[in-house]
Undergrad: 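Just dropping this structure here.
Per chain, numbering begins at 1; letters A, B, ... match sequence-line order.
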There are 2 protein chains.
Amino acid sequence: MKWDTLEEEPCSLARTVAVIGDRWSLLILRECFLRKRRFEAFQSSLGITRHLLAERLKKLVRFGVLRRIPYQESPKRYEYILTQKGLDLYPIIMSIVHWGNVHMVDSRGRPMLHQHKNCGHMFDPVMVCSECGEPLTAKAVHVHPGPGARQTSPTHAMAEDDPKAKTGS
Amino acid sequence: MKWDTLEEEPCSLARTVAVIGDRWSLLILRECFLRKRRFEAFQSSLGITRHLLAERLKKLVRFGVLRRIPYQESPKRYEYILTQKGLDLYPIIMSIVHWGNVHMVDSRGRPMLHQHKNCGHMFDPVMVCSECGEPLTAKAVHVHPGPGARQTSPTHAMAEDDPKAKTGS
DNA sequence: ATTGACAGTTCTAAAATAGAACCTTAAAGC
DNA sequence: GCTTTAAGGTTCTATTTTAGAACTGTCAAT
């Protein structure tokens, strides 16, 4: 499987992974959420090579996660800010951080703490059901094929099936 | 930066990314949450090369996300099941799927729908504050250094500062 | 006139991944 | 008894990605 086929898979996880599913993209996004915006700032705080940073920023702009906007003329300089699509990645970032807080910290404890401005408390993120508000667990969720699912065995009208559709999975 | 230094970074996101921050690990975990357990099942549904699948499974076992248990003797055969540490990845997987549902679906709609067994409804995952229960947004969160934070500017004893230490972040 | 900041681009070497073939154990079919 | 099939890998070469360092271009400040 190649990387550009990934974003066309009939799977929302695969398509998202095509955008953020590499080490550097997630680290760059961490910096974005910590209010970093500029090439040099990303490069020096991450230690990423300039080559790869340039490429990842282009990719994130291409996918609409970041926007590249000039912050000065002559010489023209740009900074990268999160779009709404990018801001919507926050639950992913926070759930990743939270898992690390629970399972990957050493004896010194958490590197970072989060305070909710709304209520003033230090908090952890919790994922709940949009309908009943209860915390979610894998066992309590049933998965159904949706309208965009790959057709594995249509009951009829096989003939007009998409010839590009892959079998299996 | 090399991959094995990532898991020692004083950052919960970096350490988690060291475990799941590549394309295949996340796709393998998707299959795990869809109740796939066996080498051949992973391989045929993902199209991953056998070589890489073996390596990724070893890595996930090494990090305690999966456990390799025999399901028959002679010939000895193993299957891979999620540990509690692995099950705790569910919010990450679900937030990734949800972002894809919102931002990456085509005109056909969502490939998969989720039903909450507890309340019976089709739902979306929502990330809320553990203390007040309100949905979280990046702007409403303030970040503080925690006990495991990297020391960026000790008040004294500057002289014995680690010369390799990066500034910022 | 030289230095430095910023935002990249361009090279070569090293590492990771793809793709295919091969190995081992043991049961099933002929 | 011999061959095929299944499961769960391992081994090999070719291609792609990434690392690491140097270089470019524009302008401001010294």
Undergrad: Heavy atoms from C-beta onward define the side chain here; which of dG9(D), dA19(D), dC6(C) lies closest to that of L52(A)?
TA: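 Selected nucleotide: dA19(D).
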Undergrad: With a cut-off of less than 4.0 Å, is there a side-chain N or O of W24(B) near OP1 or OP2 of dA16(C)?
TA: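 Answer is no, no contact under 4.0 Å.
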Undergrad: Going by an N to O cut-off under 4.0 Å, is there a salt bridge joining E55(A) and K58(A)?
TA: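 Judged by the 4.0 Å cut-off on N to carboxylate O distance, E55(A) and K58(A) do not form a salt bridge.
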Undergrad: Aromatic ring centroids of F33(A) and Y90(A) under 6.0 Å?
TA: yes
Undergrad: Would you kindly give the CG-to-P distance between L53(A) and dT10(C), to the nearest whole Å?
TA: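 Rounding to the nearest Å, CG of L53(A) and P of dT10(C) are 16 Å apart.
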Undergrad: May I have the distance from F42(B) (atom CZ) to dA6(D) (atom P), rounded to whole angstrom?
TA: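 To the nearest whole Å, that distance equals 20 Å.
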Undergrad: Side-chain N or O of Y80(B) versus OP1/OP2 of dG9(D): is the shortest distance under 4.0 Å?
TA: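 It does, given that an N or O in the side chain of Y80(B) lies less than 4.0 Å from OP1 or OP2 of dG9(D).
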Undergrad: Out of L13(B), I92(B), T16(B), which residue meets the side chain to side chain contact (heavy atoms under 4.5 Å, CB included) rule with V97(A)?
TA: L13(B)
Undergrad: In B/S/- notation, 5' to 3', how is nucleotides 21-28 of chain C contacted by protein heavy atoms closer than 4.0 Å?
TA: B---BS--
Undergrad: CG of L57(B) versus P of dG8(D): gap in Å, rounded?
TA: 11 Å
Undergrad: dA7(C) phosphate, OP1 or OP2: any side-chain N/O from Y71(A) under 4.0 angstrom?
TA: yes
Undergrad: What I'd like to find out is whether the side chain of F42(B) reaches to under 4.5 Å of the side chain of Y80(B), using heavy atoms alone.
TA: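 Yes; the side chains approach each other to less than 4.5 Å.
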Undergrad: Could you give the CZ-to-P distance, from R56(A) to dT17(D), as a whole number of Å?
TA: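 Those two atoms, CZ and P, are 10 Å apart.
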Undergrad: If you take any heavy atom closer than 4.0 Å to DNA chain C, which residues from residues 58-70 of chain A end up in contact?
TA: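 Nucleic-acid contacts, sorted: K58(A), R68(A).
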Undergrad: Applying side-chain hydrogen bond (donor to acceptor under 3.5 Å, both in side chains) to H144(A) and Q115(B), what does each step give before you reach the verdict?
TA: CA-CA 8 Å; H144(A) 301 269; Q115(B) 182 178 27; 2.8 Å; yes
Undergrad: How many whole angstroms separate atom NE2 of H51(B) from atom P of dT16(D)?
TA: 17 Å
Undergrad: Q72(B) has an atom CD; how far is it from atom P of dG9(D), in whole Å?
TA: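 In whole Å, dG9(D) P lies 12 Å from Q72(B) CD.
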Undergrad: Specify the separation, in whole Å, of atom CD of Q43(B) and atom C1' of dG9(D).
TA: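 So the two atoms are 11 Å apart, to the nearest Å.
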Undergrad: Rounded off to whole Å, could you give me the CD1-to-P distance for the I48(B) and dG8(D) pair?
TA: 15 Å
